[in-house]
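Below is one structure; the comments refer to it alone.
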Amino acid sequence: MNAEELKSFLKNRLPPEINRLILHAAELAASQNLHLYLVGGLVRDFLLNKTPKDADLVLAANAIKFGQGLLEGFNYKATLHPRFNNLSADINGFKLDISTARNEFYPDPGKLPEVLEGDIKADLFRRDFKINAMALSLSPQDFGCLVDPYNGLTDLKQHKLSVLHPKSFRDDPSRIWRALRYSERLGFDISSETLTLLQRDAQLIPLIGADRLRYEMECIFKEAKPENILLKAEETGVLKNSLPFIKADNWPADKFAEARNMYGENVSPEIYLCLLSVRLDKPQAEALITGLHLSKYISACLRDYQCLAEHLAELGRVDLSPSRLYGILVKCKKEARQAFNIANDNPIVRKHLMLFQEELSGIKPCLKGTDLLTLGFAPGPDIKTVLAELLNLKLDGKIPSRTDEIDYVKRRQADDQV
Ligand code: CTP
């Protein structure tokens with residue numbers, strides 16, 4: 001590793017403003033006689049020549065003070081974490097973390113660690129996997145030098161994923177999902193010792209709580225093939241210890257792939273979760289919502305999916321009227337409909353979903369509430385009822401023109417007066 005290699009990696013693989021900030025941070029640290037390092041994912045990605053998703057800097061000094069100095073004069077949003085003495089900055093959507101080198105001590109499995117100040121070696125030892133426990137110096141005297149006290153490079157070369165010590169998953173059971181995620185993303189094998197520990201400690205996953213588990217799921221859904229991670233989670237017992245109702249076999253796996261074919265590579269977590277919920281009944285879907293502490297929107301998608309499933313037989317009928325089809329689908333979130341489309345191979349159901357999406361959802365009566373007032377209706381609930389009738393008749397093709405709508409309204413008024 002040399003300085004030029006690192007400089008050209010930072011220049012070519014990072015957004016220009018991040019590259020500039022990192023180089024500026026290196027100068028600032030040097031001017032204060034501080035040792036500054038790049039750590040974690042970026043180092044791993046540098047060695048694999050992959051594009052990093054975020055950047056982590058570590059120094060053996062007050063990172064909040066240093067970070068504030070670094071970002072002075074810029075208009076970036078920074079979040080301070082005094083407990084860990086670190087700072088996270090959002091640089092136009094790219095995350096830059098600046099942390100104080102620390103030792104960590106985990107009082108209980110799954111709980112957040114107690115923090116002590118440390119040096120870079122101690123800081124690397126608290127990390128999840130050897131391949132994530134390397135640093136690159138940004139100090140002028142050894143810029144670009146690799147700090148690798150736990151032989152992460154060896155693992156990297158052997159395409160292997162292993163923890164630094166046997167208590168790693170106990171300290172933080174969310175690392176179990178991280179292991180499955182990195183193994184899939186990088187195509188690395190989890191070492192046999194690490195796999196044994198992972199299976200031993202899978203039962204501790206519930207200790208991380210719903211929010212952290214949801215975060216892990218969100219990360220998984222951002223990977224290229226989340227289904228492979230879920231299949232591995234099923235095989236290792238991780239899934240049943242995380243989401244007991246969910247079964248990951250070839251069915252959701254094929255459907256995930258189909259979703260990407262149909263809707264593009266960046267399938268939303270809503271669609272993936274709906275697909276995972278297909279074989280759940282209502283109480284189980286509710287348990288999934290609680291178990292992942294899902295947002296209001298995603299919860300609504302899952303509930304809408306359940307509602308669509310209740311109407312499956314009706315949605316498969318050739319004689320289903322457009323107005324009834326509209327009535328079933330209009331209140332459902334788009335992602336629930338999209339997942340339902342993927343989940344059901346029935347061509348009539350798919351045709352109906354398409355008809356709604358492409359045509360019916362855009363249909364509106366020509367007449368508005370104000371037109372009805374002009375035509376002599378009194379303000380009040382009647383207006384809403386008549387507009388709904390107009391919409392249904394229009395959906396069913398019975399009143400194609402504005403004149404037909406006016407005729408209908410007048411006939412209705414006349415009937416009311418009889
Ligand atoms: N880390 C850890 N244990 C965790 C989470 C994170 O040890 N449960 C450490 C790892 O050293 C990791 C670093 O914190 O490299 C940064 O975490 P994160 O940003 O989640 O991962 P990256 O390695 O940057 O990977 P990604 O490409 O997925 O962002």
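Just so you know, ligand 1 is whichever comes first in the structure, and atom 1 is the first atom listed for that ligand. Since the model is a prediction, treat every value here as computed from it, not as a measurement.
Which of K53, R126, K95, R185 comes nearest to atom 28 (O) of ligand 1 through a heavy atom is settled by distance: it is R185. The closest non-hydrogen atom to atom 17 (O) of ligand 1, taken over R127, R178, M134, comes from R178.
The closest approach between a heavy atom of Y182 and any atom of ligand 1 is below 4.0 Å.
Judged by the 6.0 Å and 45° rule, K7 forms a cation-pi pair with F143.
With hydrogens left out, the protein atom closest to atom 8 (N) of ligand 1 is D172 OD2, 2.8 Å, a heavy atom. The protein heavy atom nearest to atom 29 (O) of ligand 1 is D54 OD2, 3.4 Å. Protein heavy atom in closest approach to atom 23 (O) of ligand 1: R44 NH1, 3.0 Å. Atom 10 (C) of ligand 1 has as its closest protein heavy atom D128 OD1, 3.3 Å. In this structure, the protein non-hydrogen atom closest to atom 3 (N) of ligand 1 is R175 NE, 3.2 Å. Closest to atom 16 (C) of ligand 1 among all protein heavy atoms lies D56 OD2, 3.6 Å.
Between H159 and F188, the ring planes lie parallel to each other; the angle is under 30°, not in the 30° to 60° tilted range.
Look at K232 and E235 and you find a salt bridge, because one of the NZ, NE, NH1 or NH2 atoms lies within 4.0 Å of a carboxylate O, short of that distance. With salt bridges taken as basic N to acidic carboxylate O contacts below 4.0 Å, none links K160 and E193. Taking a cutoff of 4.0 Å between a charged side-chain nitrogen and a carboxylate oxygen, R212 and D172 qualify as a salt bridge.
For H165, the ring-ring contact (aromatic ring centres under 6.0 Å, His included) partners at least two apart in sequence or on another chain are F125.
Taking distance alone, with nitrogen or oxygen atoms compared against 3.5 Å, L42 stays at or beyond that limit from ligand 1. On a distance-only criterion, Y215 and ligand 1 share no N/O pair closer than 3.5 Å.
With a 4.0 Å cut-off on non-hydrogen atoms, S174 touches ligand 1 through its side chain and not its backbone.
Of all atoms in ligand 1, listed by their number and element, those nearer than 4.0 Å to a heavy atom of G40 are 15 (O). Taking every non-hydrogen atom of R181 and a distance limit under 4.0 Å, the qualifying atoms of ligand 1 come out as 28 (O). The ligand atoms of ligand 1 that sit less than 4.0 angstrom from a heavy atom of G41 are 15 (O), 22 (P), 23 (O), 24 (O).
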Where do R350 and D345 land on the salt bridge (Lys or Arg N to Asp or Glu O under 4.0 Å) test, with the steps shown first? CA-CA 7 Å; R350 286 192 167 179; D345 297 331; 3.6 Å; yes
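Closest approach of L198 and A179 over heavy atoms only: CD1-CB, 3.8 Å.
Between the side chains of D97 and S99, no donor-acceptor pair is found at a separation under 3.5 Å. If you check the side chains of N228 and E184, you find a donor sitting under 3.5 Å from an acceptor.
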